[in-house]
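Values below: all heavy atoms of this structure, side chains included; hydrogens, waters and symmetry mates excluded. To find a chain, count down the sequence lines: A is the first, B the second, and so on, and within it residues start at 1.
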Amino acid sequence: MKNLVLYNTRERKKIPFIALDPEQKLVKMYTCGPTVYNYAHIGNLRTYIFEDILKRTLLFYGFQVKHVMNITDVGHLTDDADRGEDKMEKGAFREGKSVWDIAQRYTDAFKQNLKDLNILDPNIWCKATDHIAQQIDLIQKLEAKGLTYRLEDGIYYNTAQFPEYKNFARLDIENIKAGARVEVVEGKKNPTDFALWKFSPKDGPKRQMEWESPWGIGFPGWHIECSAMSMHYLGEQFDIHCGGIDHIPVHHTNEIAQVEAVTNKLWVNFWLHGEFLVVQASSDKEGDTKRMGKSEGNFLTLEVLKSKNYHPLAYRYLLLNAHYRSQLIYTEDAMQSAQRGFVNFKEKIIQLKESIGKEKNLKAGIHEDYVSQFFQAIGDDLNTPQALAVAWKILGDSSLSPLEKLQTLEKLDEVLGLGVAQMKAETQEIPAEISQILEERIHARKEKDWKKSDLLRDKIKAMGYEVLDGKDGMKVKKIQ
RNA sequence: GGUGGCAUAGCCAAGAGGCCCAAGGCGACGGUUUGCAAAACCGUUAGUUCCUCGGUUCAAAUCCGAGUGCCACCUCCA
């Protein structure tokens, strides 16, 4: 089988993937999950789809995957300088609900998104609030090593004590000092130091989420949960850790500092990061794009896409058409062309299924040559655009029987996740009025009254249905 | 200011030294079909060409240098 090569952020190059497990069977993978204080936007979802492709590829290669994803339901502050408001508490205030309700609501919404996008569920979901003990335990270990110090508002990690701190993100520590764009918390010893445990504020409203700790009542800092939970479920060393590209310089850097300073060994073998979805900032200026974000005012959710009649899997299809390490410019045009592409793909699959139903004794079997082409594409750092191209080539290859095509495509769909096996002609209710007009039209056509026939066709179209005249009569289809 | 990245057809987007006079999708155009359409099917669609200029090489979209434009991260956000 073709080697699986993945781009490892740790080394900044493509490296053949080898599982840590000596048996080469089990791959342990941790993916940073959402903070559930609002809906995920489609840019967030891009990362989860990339991770899903990665996981499905590993499965395709015959690995078993133990996949852990966290739900951050506590305690992130609104800026990186360990100041500002708590997003969860803020969201709760905004909606007049408890933080726990907010967390539940957006967790449910997130899981629905994953379902809509055919993203495989992780083996383990873990909530930050269910693992406070593990987080406190890890902070204590850091404390025992002399890596922490106390400030008025919390316990901080002294990054100067961990010389490898800058390595992962290739940070220029000197210039971070000079840059100082972040307002520094009073008393922090180094600009890169970060909070491990925050104390509940003495004044102001009581926090809804707070816990006892050896240092006082408060809540965990926002990097500690991933370190603590991933170790809890996957051990001190595991194979893969993923997230968005923005996690490299702060979040993942801090996670590494928290773990490797304690264990003194390499924590994660492969780090993979997904690039951003960016959106056109203004229609008249070419190349003027912005990341999608809550504060950019370009917040698009999957629900919005659905309300515009886009199929969630058409969004998946759009993403498959670009490599996960390139920025993808999201435009309405691109989304529409993805929708058409996906619908066309689906129609062709349905056609295949129909002809299989009609014809007997078709040649069966998975076409290994195409599968190997597919492996070559997907095994080269998840080249989904090329992998999709292979799928289209199969559809256009007249030397294959419909059954061979379908069986081969179903195999490839284990990775693509477009739902080939489930695709079927929508059995749609035709409204009675339309059936009536249809009857009229059949009559008109028998009498070769083309004028009337065309008129009725237009009428049906105006009602949102398309008339398809075929050899075996008339069909109508809802216009998508 | 620091760091990382991108520039390929009308649009989206692969390709990372010879398989490239450059994949695939969308669109457009032509044809078959049709009473006419639609749908379907077939075909065409980068015309020394891969932002510009220079270099390396027998050979460059692919490597190197310079320039131009753009994006992201370093600030809550994948």
Side-chain angles (χ1 to χ4, degrees), chain A residues 12 31-35 37-38 40-51 76-81 83-87 90 169-183 191-192 222 242-251 273-278 285-296 299 317-318 320-323 325-331 333-342 344-345 347-348 351 377 380 383-393 396 398 445 448-451 453-454 457-458 461 466-471 475 477:
Chain A
R12 309 287 152 107
T31 56
C32 286
T35 302
Y37 68 105
N38 202 337
H41 59 64
I42 59 172
N44 300 134
L45 295 173
R46 182 181 188 196
T47 300
Y48 302 111
I49 289 178
F50 136 63
E51 290 161 352
H76 280 203
L77 301 178
T78 50
D79 73 31
D80 197 24
R83 298 150 61 94
E85 296 166 286
D86 183 304
K87 288 190 291 194
K90 200 177 162 188
R170 313 204 166 173
L171 298 174
D172 182 346
I173 300 287
E174 298 303 310
N175 275 301
I176 286 177
K177 277 177 194 160
R181 282 179 63 177
V182 184
E183 240 186 288
T192 48
W222 27 290
C242 319
I245 195 169
D246 59 325
H247 279 163
I248 298 169
V250 180
H251 185 55
H273 294 92
E275 252 292 359
F276 276 145
L277 180 83
V278 295
K285 212 176 143 203
E286 211 171 304
D288 186 11
T289 55
K290 281 255 164 15
R291 76 182 282 182
M292 177 165 288
K294 279 141 202 164
S295 48
E296 321 300 329
F299 192 83
Y317 182 92
L318 172 75
L320 255 32
N321 242 316
H323 189 92
R325 281 194 294 117
S326 328
Q327 284 180 1
L328 174 65
I329 302 168
Y330 180 87
T331 60
D333 264 7
M335 188 59 228
Q336 264 167 30
S337 101
Q339 169 88 353
R340 285 198 198 102
F342 174 71
N344 287 163
F345 183 80
E347 301 268 299
K348 292 200 184 224
Q351 272 179 37
D380 180 14
N383 194 329
T384 51
Q386 245 175 28
L388 249 194
V390 174
W392 280 101
K393 267 188 203 148
S398 53
R445 288 174 64 76
K448 296 198 191 290
D449 186 351
W450 308 127
K451 234 180 205 167
S453 165
D454 291 353
R457 183 168 63 200
D458 289 344
K461 194 175 178 186
E466 194 175 17
V467 180
L468 307 168
D469 289 325
K471 275 179 186 152
K475 274 196 247 177
K477 203 180 98 185

* On a whole-Å scale, what distance lies between the P atoms belonging to G25(B) and U44(B)? -> 12 Å
* **Rounded C1' spacing from U49(B) to A61(B) in Å** => 9 Å
* Rounded distance in Å - CZ (F276(A)) to P (U75(B)) -> 13 Å
* Specify the separation, in whole Å, of atom CE of M335(A) and atom P of G25(B). => 18 Å
* Would you confirm whether N44(A), through its side chain, and H41(A), through its main-chain N or O, come within 3.5 Å as a donor-acceptor pair? => yes
* Whole Å only: how far is the CG atom of L45(A) from the P atom of C77(B)? -> 16 Å
* To do: Answer with base, sugar-phosphate or nothing: what part of the nucleic acid does N383(A) contact at a heavy-atom distance below 4.0 Å?
  => sugar-phosphate
* **Separation of the P atoms in G47(B) and C41(B), to the nearest angstrom** => 28 Å
* Of the nucleotides C36(B), A23(B), C77(B), which has the atom closest to the N44(A) side chain? -> C77(B)
* Which range-with-range stems can be found for RNA chain B when each stem has 3 or more Watson-Crick or G-U pairs in a row and both distances sit under 3.5 Å? -> B:1-7 with B:68-74, B:10-12 with B:24-26, B:27-32 with B:40-45, B:51-55 with B:63-67
* Asked: Atom CD1 of I248(A) and atom P of U75(B): how far apart are they, to the nearest Å?
  -> 14 Å
* To do: Sticking with atom P, work out how far G10(B) lies from U45(B), rounded to a whole angstrom.
  => 14 Å
* To do: Using ring-ring contact (aromatic ring centres under 6.0 Å, His included) as the criterion, list what pairs up with F50(A), not counting sequence neighbours.
  => Y324(A)
* Side chain proximity check, R445(A) to S453(A), heavy atoms < 4.5 angstrom -> yes
* Whole angstrom is fine here: how far is it from CG in D246(A) over to P in C77(B)? => 6 Å
* **Proximal nucleotide (of C26(B), A13(B), A39(B)) relative to the N344(A) side chain** => C26(B)
* Quantified in whole Å, what is the P atom distance between nucleotide A46(B) and nucleotide U34(B)? -> 32 Å
* If the plane angle is over 60° it's perpendicular, under 30° parallel, otherwise tilted; pick one for Y317(A) and F345(A). => tilted
* Asked: D380(A) side chain to N383(A) main-chain N or O, any donor-acceptor pair under 3.5 Å?
  -> no
* Asked: In whole angstroms, how far is the C1' atom of G25(B) from the CD atom of Q336(A)?
  -> 15 Å
* **Is_stacked (W450(A), G35(B)) at 5.5 Å, 30 deg** => yes
* **Whole-Å gap separating C1' (A13(B)) and CG (L277(A))** => 14 Å
* Asked: If we take the C1' atom in both U62(B) and A22(B), what is their distance in whole Å?
  -> 11 Å
* **Any H323(A) side-chain heavy atom under 4.5 Å of T384(A) side chain** => no
* Asked: When rounded to the nearest 0.5 angstrom, what is the spacing between CD in E51(A) and CZ in R46(A)?
  -> 12.0 Å
* Whole-Å C1' distance, C70(B) and G55(B) -> 25 Å
* Structure fact -> L171(A) atom CG is separated from C74(B) atom P, nearest whole Å, by 11 Å
* Asked: D454(A) has a side chain; which of A38(B), C36(B), G25(B) sits nearest to it?
  -> C36(B)
* **Smallest separation among heavy atoms of G243(A) and T47(A), with atom names** => C-CG2, 3.8 Å
* Quote, to the nearest angstrom, the P distance that separates C21(B) from A66(B). => 30 Å
* Which is true for K393(A) with a 4.0 Å heavy-atom rule: it touches a base, it touches only sugar-phosphate, or it touches nothing? -> sugar-phosphate
